[in-house]
Q: 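Just passing along the structure, written as structure tokens.
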Amino acid sequence: MIRVPHRARRSLKVFAVAALVALVAGACQADSPGIFPPAAVTQQGTLTQDLYTFVFAIATAIFILVEGLIVWAVLRYRRRDDRLPVQTHGNLIAEAAWTVIPALIVIVLFVLSMQAQDKIEAKSAAPDVVVDVVGFQWQWTIGYGCPDSYESATNVQPGQDCDFALTGAGKQGPDLHVPTGQTVRFRLHAADVIHAFYVPRFLYKKDVIPGRVNSFEVVVEQPGTYAGQCAELCGLGHGEMFLSLTAEDRGAYDAWYAAQVEGAKATPAPTQAGAYEVHISATTAAAFDQTEVSAPADTPLAIVFENRDLTVQHNVTVLKANPDGSDAIGLPFAQPGATVTYQVPPLKPGAYTYICTIHPNMTGTLAVQ
Amino acid sequence: MTATTDVLPTDHPVELAHGHGDGGINTALLGMLLFIASEIMFFAGLFAAYFSVRAKYGSHWPALPEGVEFAINPLVIIATLILVSSSGVIQWGLWRIRKGDRRGLNRAFALTMLMGLTFLALQATDYVLLADEGISLNGSIFGSLFFTMTGFHGAHVLGGVIGIGIILSRGMTGQFSARNHVAVEAVSAYWHFVDVVWIFLFLTLYILR
Amino acid sequence: MATTALSPRAGAYPRSRVYEWLTTTDHKKIGIMYITSAYIFFLIGGLMALAIRTELAAPGTQFLNPDIFNQAFTMHGTTMVFFFVMPMLAGFANYIVPLQIGAADMAFPRINALSFWIIPVSALLLFSSFGLGGAAAGGWTSYTPLSEAKYAGIGQDFWLAGLLLNGVSSILGAINILATIFKLRAPGLTMLRLPIFVWTVLVTSVLLIFAVPVLASGLVMLFIDRNYGGAFFDPAAGGDTVLWQHVFWFFGHPEVYILILPAFGIISEVLPVFSRKPLFGYKAFVLATVSIGVLGFGVWAHHMFTTGAVFLPFFSITTFLISVPTGVKMFNWIATMWRGKLRFTTAMLFAVGFLASFLIGGLDGAFSASTPIDFALQDTYWIVSHLHYVLFGGSAFGIMAATYYWFPKMTGRFLDERLGKVQFVIMFVGAHLTFFPMHLLGISGMPRRIQDYAPNVGWQDLNLLATIGSYLIGFGTLVLLWNMFVALRGPRTAGDDPWDANTLEWATTSPPPSYNFDRLPEIRSERPLFDLKHGGAGHAPALPSGEGSQR
């Protein structure tokens, strides 16, 4: 058998360890991902962060001890002659020690974890703000000022029942606001499959499950805007189901809230006089019912979209329809069973593609001549 | 044993066990019991699903659609009695062949087979009656569970009937004796398992509900 | 008295080698078929992994759109679990266990053959979905409602059917192994003299019998939901969607012990031989193995901490506790090496590499056992890192060790040790380069199962590093394949006992004859061959010193 020289073998191991250390050290810079979580911005997240640090310290100590023993054994006990070593079969004291001590360590970790968990999962009698979150393929709708029945209702329509509802379009998720220093309860409703509401700076996530309403509370201490995204595989758009959360002082939050309520009340722009109506409907998320529609050129268009799909929201977005070449995004989304009219400015002759923003596989061609 | 420079001692011939040398359970029977253990776990998964859904519904269980009632049918009681007593019959057949009585074995297995087929016929009739009452696989969660659990049990009964048929045909050509009847042991064990599962199903689905 | 020498192939009727392999019931040939097909699926699953890593190397879509990407990681996981690790370990168990207990074959040789041949058929079912509308794309965990008929196409049905069939193979194999171990042990081989590999395979087989049928029940229920209007997991029809997770993970968690325990057994064979000491704490090891098996059934909902639907304290404490028997093993292995005389063959390198890597994977688990930490880390790349550390750094390294250790016994030839060491270094570096950065990605918020990520969140450097590492692993695999190819063309030079080992498989030729043993040594401990060579456990040394033992 070929023997790799001892020095080569040892230096390989040293290299491997050094590479790991460099990796870890390099990753400990402020901006790039590190071995510690990003600073938590909630009271609850801070508890998790402290617990993580404690577990990390213990894990590192165990890692250094055990890997050290392995490296030491590998270096120290290389075969140098052919005599049999002492054939030790066991040692009761050592075995008892390395059974009992780890057991004690994990029990301590368990107790600390449960203490933190109870505080993190606690629900107050009367939260200051309640936010209802609806997760669906592949967007979030956020409702504020929703009725108490939402505490356990699984099929909800925030756009209809709440003070106002926010939603996003495509990769641009909704930007929900919460006040700092106050208890905010999130109630999670799933419209179709399982999603998960995850804000990394909360150091927390909770699944959004059809058929049940999950909820959790946070007190955000650090003002700022934080990114979030779905963390449970939910289909094609799972990786693009974003949201952002802005935490600000109560005054700013109240002003934002009032503006949102005003916006919701504003009547939609009346159909322009002389607008040509284009009727499109959808019954499933697989395709529009009409894949080819036509309209006259140089005429304002009103796309009357009937969402016959009783479970999922849809819209009609006409690509490159705006004068500046951008897409005419159909907002608001049409709720299941609802009809919404989207205004499209006059178009030059040509073929325009329309899609559903949430389900881009739903496409059709608008022939303008 | 004299000192020898042979590496391996020569006066310990290799005893390659064939399953009945050194006492203890017969290997083939052990295999059947392990198989039965795995089948028990299959039904355990279905039972766990049943009880967890039932717990979730609480007092609303069995949560059938409006106007649909699930009542126990006298046919099912008859079927249960037949299946339970068939276990007694097959066990009697096993005792007979342990004493070398081939005729007793064949009679018992023929009767068991008949009883098993009767059970299946009554089960099928019950299915039709339930469907008429509006309880179906796709009509409700109770229906899904009921038909899946009893359906897979019925499939296992059919498998048992086939096994009994094989024993019967082998038995009628005289292949079993008091010393050589492992297959009979195995099929009997399987049939008892099928019976016990039915008892649990009956109690859970029809009595406890 | 005239004796007649029997020739194994009497020539009365010539049979082609293909026919022989297709119809064999010899556990050794079946074991080799399992191992060979498992390596083929390792390549297939590995190519999927490379595709995934290539896609994730940089922001933006490189070449896999979300549809194909979701199929890729789903099938990667399914292939690696059900067609690489499980059959590979079954193959080694098939080959080695009868030899280690001094038996001539498995208890049910024909069922053994059936168990193997089910595997390619189930693979056909599973992989045909790619060409018939797309494979399953809901992850290897296939959570409902995403896997229900409304959201998942026919590929999901192929997945269900393929796994149902694959499960039958596992259950039959487990029954066979248990009957073999309980009934066919050579005289003198009491349960507490069984090689540890046999013990781990025993406990694994018990786990298979208790866990796989539960998966089968779940697969059946989902199939009924999808095709017959069942309402098990469909909340809209009154079902409970979290029920799927309970049923799946009740199988899924014991499954991960099924994937690792035989690897523990392999390490427990390799370390003592190449340390020239017995396994430290044999009885404790057996107890720890059984404890892991039992406890493993009590932790399943730690995969569901974020559902809000499980009783957290119970599953957290059981998860914490299961680290104790695993830690005991870790220390037993190190104590085996301690004050030994270590020989760094490739098998030994992979065994040590296993220790170093599995430790990290195991420590990861301690983090996730803590529910608040799990709330942050669940469904992120932290979990991807953890699972790959234990499955690649654990199971796969164990498989590599087994390959180098037992290849001489199975083929009569050595794998080249120099190439083996090259492969080890490449794979060791590649594994850590691939999977360590994923800890950091997960901690910073990168969810798993996403096809793409934004360019401004700082994830691309670590993703690129992981991709480079994955290509290293791929290259290391090529080195292994080359090694096998070259070795198989050489002459049989290995001899009966090339490693100076301890257990019965080395007390016969390499490869063994079809009936395994001409004679067996007396069995007085878990190291019957060692005792014979060095006079242990009541033997006077049978040999003049220096003769017969491999130096």
Q: As a test of understanding, state which of Met241(A), Glu240(A), Gln229(A) forms a side chain to side chain contact (heavy atoms under 4.5 Å, CB included) with Ile450(C).
A: Gln229(A)
Q: Under a 4.5 Å cut-off applied to non-hydrogen side-chain atoms, are Leu69(A) and Trp338(C) in contact?
A: yes
Q: Is it the side chain or the backbone of Ile120(A) that comes within 4.5 Å of chain C heavy atoms, both, or neither?
A: side chain
Q: Can you confirm whether Glu95(A) sits close enough to Lys283(C) that some side-chain heavy atom of one is under 4.5 Å from a side-chain heavy atom of the other?
A: no
Q: Contact between Pro85(A) and Lys277(C) at the side-chain level, heavy atoms closer than 4.5 Å - yes or no?
A: yes
Q: Do Asp207(A) and Thr306(C) have side-chain N/O donor and acceptor atoms under 3.5 Å apart?
A: yes
Q: Between Arg201(A) and chain C, which part of the residue has a heavy atom less than 4.5 Å away: side chain, backbone, both or neither?
A: neither
Q: Hey, does Trp98(A) have a side-chain heavy atom less than 4.5 Å from the side chain of Val328(C)?
A: yes
Q: Under a 3.5 Å distance rule, please check whether Arg212(A) uses its side chain to pair with a backbone N or O of Gly308(C) as donor and acceptor.
A: yes
Q: Is there a side-chain contact between Gln137(A) and Leu146(C), using heavy atoms and a 4.5 Å cut-off?
A: yes
Q: Which residue out of Thr241(C), Leu359(C), Leu321(C), Thr336(C) racks up the most heavy-atom pairs below 4.5 Å with chain A?
A: Leu359(C)
Q: Non-hydrogen atoms of chain A under 4.5 Å away: do they reach the side chain of Ala152(C), the backbone, both or neither?
A: neither
Q: Testing Leu51(A), Leu112(A), Thr48(A), Leu109(A) one by one against Ser370(C) for a side chain to side chain contact (heavy atoms under 4.5 Å, CB included), which residue passes?
A: Leu51(A)
Q: Do the side chains of Arg78(A) and Phe344(C) get nearer than 4.5 Å, heavy atoms only?
A: yes
Q: Would you call the rings of Phe320(C) and Phe110(A) parallel, tilted or perpendicular, where under 30° means parallel and over 60° means perpendicular?
A: perpendicular
Q: Just give me the residue among Gly238(C), Ala454(C), Gly445(C), Ser444(C) that pairs up with chain A most often, heavy atom to heavy atom, under 4.5 Å.
A: Gly445(C)
Q: So, do Trp333(C) and Ile70(A) sit near enough that their side-chain heavy atoms are less than 4.5 Å apart?
A: no
Q: Got Gln117(A) and Leu312(C) here, is their nearest side-chain heavy-atom distance under 4.5 Å?
A: yes
